[in-house]
Amino acid sequence: MRRLPPLLALLLPAVAAGATGAAPPRNLFRELLGRSDAEIAAKLDAGFHQLFHGRDDTERVYYPAGPDQACIVDTGNGDVRSEGMSYGMMIAVQQDHRAEFDRLWRWAKTHMEHAAGPRRGYFAWRCATDGRQLDPGSASDGEEWFATALFYASHRWGDAGAFNYSAEAQALLHEMLHKSATDDVTSIFDRARHQVVFAPTAQAAGFTDPSYHLPAFYELWARWAADPDDRVFWAAAARESRAFFRRCAQPVTGLMPEYAHFDGTPFTGRAFGGGKDDFRFDAWRTLANPALDYVWWRADPWEVEQSNRVLRFLQSHAPDIPNQFTLDGRPLARDVSTGLIAMAAVAGLAAEPGLARPFVQRLWEAPIPTGRWRYYDGLLYQLALLQVSGNFRPFDPPAPRLP
């Protein structure tokens with residue numbers, strides 16, 4: 001019998017268990033609703049088909065551009081955003097659609113990525129549909145989701161092809177942390193505070209957006225970053241984001257604001273518009289991020305308490321749950337949004353079954369978003385289908401080859 005080298009023999013158990021160390025995903029559609037695998041697969045496929053290949057005017061958000069590019073269009077505002085492009089790439093890699101992934105990444109690199117200057121390696125957050133940059137600045141969440149989607153692409157499909165996904169992910173991860181500061185450009189992470197900044201500019205790097213905190217991803221970067229010192233930083237960033245969530249969430253409702261100071265207190269400045277100290281559209285994602293972190297890593301039991309708390313609050317406003325609130329729970333609108341229900345269903349991953357089930361049921365019954373505002377609602381809907389069904393996976397790197 002051939003004997004393995006000692007180091008490789010030690011590595012094999014970790015590879016067999018999953019190199020990331022993340023817990024197996026949960027499938028709440030099956031656990032709580034009794035839905036079959038075939039029913040779930042059909043719903044996932046239907047959402048992808050409509051949002052990526054449905055009717056141009058009312059259904060799709062993915063639009064091919066030329067022979068080998070495509071963009072995700074914010075149909076409400078008529079532009080292309082790094083948020084949507086990175087979400088589209090994540091959906092494509094999770095559902096094994098490499099052609100759509102490569103088209104989106106090629107468009108982003110061609111039109112959004114800065115090839116030179118202080119912003120080199122960053123992406124313009126907002127472009128016209130013809131590729132013109134409307135704002136050269138970056139929105140930090142776009143880069144975060146780009147990097148993670150690229151890692152997943154490398155691990156799922158390999159790096160032989162049009163792109164070396166792993167090299168692209170490593171380069172972006174390095175820029176986010178090590179960007180040399182100028183009068184108007186900073187790194188995407190505050191190195192002293194171990195927190196993501198709202199935007200990497202002198203004006204916007206002094207506070208954060210709670211929905212940009214992604215400890216589930218940082219744990220992966222702590223395993224995959226090429227630089228050992230950077231891996232230490234990303235592990236610390238995951239711990240700090242969990243502590244930040246505790247400071248930021250309103251203790252009764254569980255709601256978090258659009259923007260916040262690094263100490264978790266709401267951001268009340270008006271330079272970026274009013275109402276940023278309330279629970280509004282960005283903040284919907286703060287329901288999902290702690291729950292996804294808990295279900296993968298089980299690092300902070302408070303995330304269970306938080307998920308229970310915020311779902312209990314939202315259920316108190318059922319059936320027509322408003323999509324915006326003050327942090328202490330006063331409704332600010334009468335509109336009901338699929339995107340908020342979708343993120344509440346993801347919170348169910350960490351919540352008690354009795355609290356999770358109504359939101360999982362509502363997500364299952366929700367129609368695929370259509371019409372002018374289908375962009376944000378639709379992308380959150382599809383991401384939630386993947387997360388709630390256990391099909392949003394932290395793909396492991398390929399196992400090492402035996403000698």
Side-chain angles (χ1 to χ4, degrees), residues 18-20 22-30 35 37-54 60-62 70 72 82-105 108 141-159 161 163 165-166 168-169 172 214 216-221 224 285 288-289 291-293 295-297 339 342-343 345-346 348-349 360 363-364 368-369 375-398:
T20 65
R26 295 183 64 191
N27 184 338
L28 298 188
F29 291 137
R30 186 169 60 222
R35 296 293 176 173
D37 290 345
E39 289 177 298
I40 295 165
K43 184 167 284 289
L44 286 168
D45 288 345
F48 183 88
H49 176 76
Q50 180 166 311
L51 291 168
F52 278 68
H53 301 293
R60 75 190 305 164
V61 295
Y62 168 95
I72 300 288
S82 59
E83 165 197 77
M85 293 292 286
S86 63
Y87 283 0
M89 287 168 56
M90 181 63 77
I91 291 166
V93 70
Q94 292 289 346
Q95 298 196 241
D96 199 19
H97 292 283
R98 187 171 185 176
E100 287 86 345
F101 185 99
D102 282 355
R103 278 178 168 265
L104 290 170
W105 184 232
D141 62 330
E143 273 78 352
E144 291 183 299
W145 283 78
F146 276 143
T148 308
L150 287 164
F151 275 124
Y152 289 174
S154 173
H155 300 166
R156 182 162 205 174
W157 299 319
D159 293 320
F163 300 107
Y165 304 120
S166 180
E168 304 258 23
L172 183 51
L214 298 166
F217 288 0
Y218 307 156
E219 287 284 0
L220 297 175
W221 301 352
W224 297 341
R285 298 172 296 197
N289 294 348
L292 187 67
D293 178 52
V295 79
W296 279 4
W297 304 110
M343 295 295 93
V346 179
L349 289 168
V360 174
L363 175 62
W364 182 266
I368 306 165
Y375 158 77
Y376 192 52
D377 277 335
L379 292 174
L380 294 186
Y381 167 88
Q382 192 67 15
L383 286 170
L385 289 184
L386 288 163
Q387 292 166 349
V388 171
S389 69
N391 286 287
F392 190 86
R393 300 180 293 278
F395 294 100
D396 287 336

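Small disclaimer: the values here were computed from a predicted structure and weren't measured.
- A side-chain donor from one of T148 and W221 sits under 3.5 Å from a side-chain acceptor of the other.
- For the atom pair E144 CD and L214 CG, the distance stands at 4.5 Å (nearest 0.5 Å).
- Remark: the Y87 side chain and the D141 side chain contain no N/O donor-acceptor pair separated by less than 3.5 Å.
- By the 4.5 Å heavy-atom criterion applied to side chains, Y218 and D293 are not counted as neighbours.
- The ring pair (Phe, Tyr, Trp, His ring centres under 6.0 Å) test with F217 singles out one residue from W145, W297, W224, F151, and that residue is W145.
- A donor-acceptor pair under 3.5 Å links the side-chain atoms of Y375 to the main chain of G84, judged by distance alone.
- For W157, the side-chain hydrogen bond (donor to acceptor under 3.5 Å, both in side chains) partners at least two apart in sequence or on another chain are D96.
- Using modelled atom types, one side-chain atom of R60 and one backbone atom of Y62 make a donor-acceptor pair closer than 3.5 Å.
- The closest side-chain heavy-atom distance from I40 to W364 is below 4.5 Å.
- Minimum interatomic distance between G47 and Q382 (heavy atoms only, all atoms of both residues): CA-OE1, 3.2 Å.
- Nearest heavy-atom pair, S82 versus G142, reported as atom, atom and distance to 0.1 Å: OG-CA, 3.9 Å.
- For the pair P369 and Y381, the tightest heavy-atom approach, listed with the atom from each and the gap, is CD-CG, 3.8 Å.
- R103 CZ to F52 CZ: the interatomic distance, rounded to the nearest 0.5 Å, is 12.5 Å.
- V346 and A291 make their closest contact through O-CB, 3.5 Å (heavy atoms, listed as atom of the first residue, atom of the second, distance).
- Atom CG of L383 is separated from atom CD of Q94 by 8.5 Å, given to the nearest 0.5 angstrom.
- Contact check for L150 versus W105: side-chain heavy atoms found under the 4.5 Å cut-off.
- L386 contributes atom CG, which lies 10.0 Å from atom CE of M90 (distance to the nearest 0.5 angstrom).
- F101 places a side-chain heavy atom less than 4.5 Å from the side chain of Y165.
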Begin from the C-alpha positions of F163 and E168 and carry the test side chain to side chain contact (heavy atoms under 4.5 Å, CB included) through to its verdict. CA-CA 8 Å; F163 300 107; E168 304 258 23; 3.8 Å; yes
From CA spacing to verdict: side chain to side chain contact (heavy atoms under 4.5 Å, CB included), D37, R30: CA-CA 8 Å; D37 290 345; R30 186 169 60 222; 2.8 Å; yes
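- Under the 4.5 Å side-chain criterion, counting only non-hydrogen atoms from C-beta, V295 is in contact with L292.
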Check the pair Y152, L220 against side chain to side chain contact (heavy atoms under 4.5 Å, CB included), reporting the backbone distance first and the verdict last. CA-CA 10 Å; Y152 289 174; L220 297 175; 3.2 Å; yes
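- Taking CD1 from I368 and CG from L51, the interatomic distance works out to 6.5 Å, rounded to the nearest 0.5 Å.
- Separation of atoms CZ (F29) and CG (L363) is listed at 4.0 Å; rounding is to 0.5 Å.
- Between A70 and M85, the shortest heavy-atom contact is O-CE, 3.7 Å.
- Screening residues 41-54 for side-chain hydrogen bond (donor to acceptor under 3.5 Å, both in side chains) gives H53-E100 as the qualifying pairs, with residues at least two apart or on separate chains.
- Contact detail for A147 and A169: the closest heavy-atom pair is O-CB, 3.7 Å.
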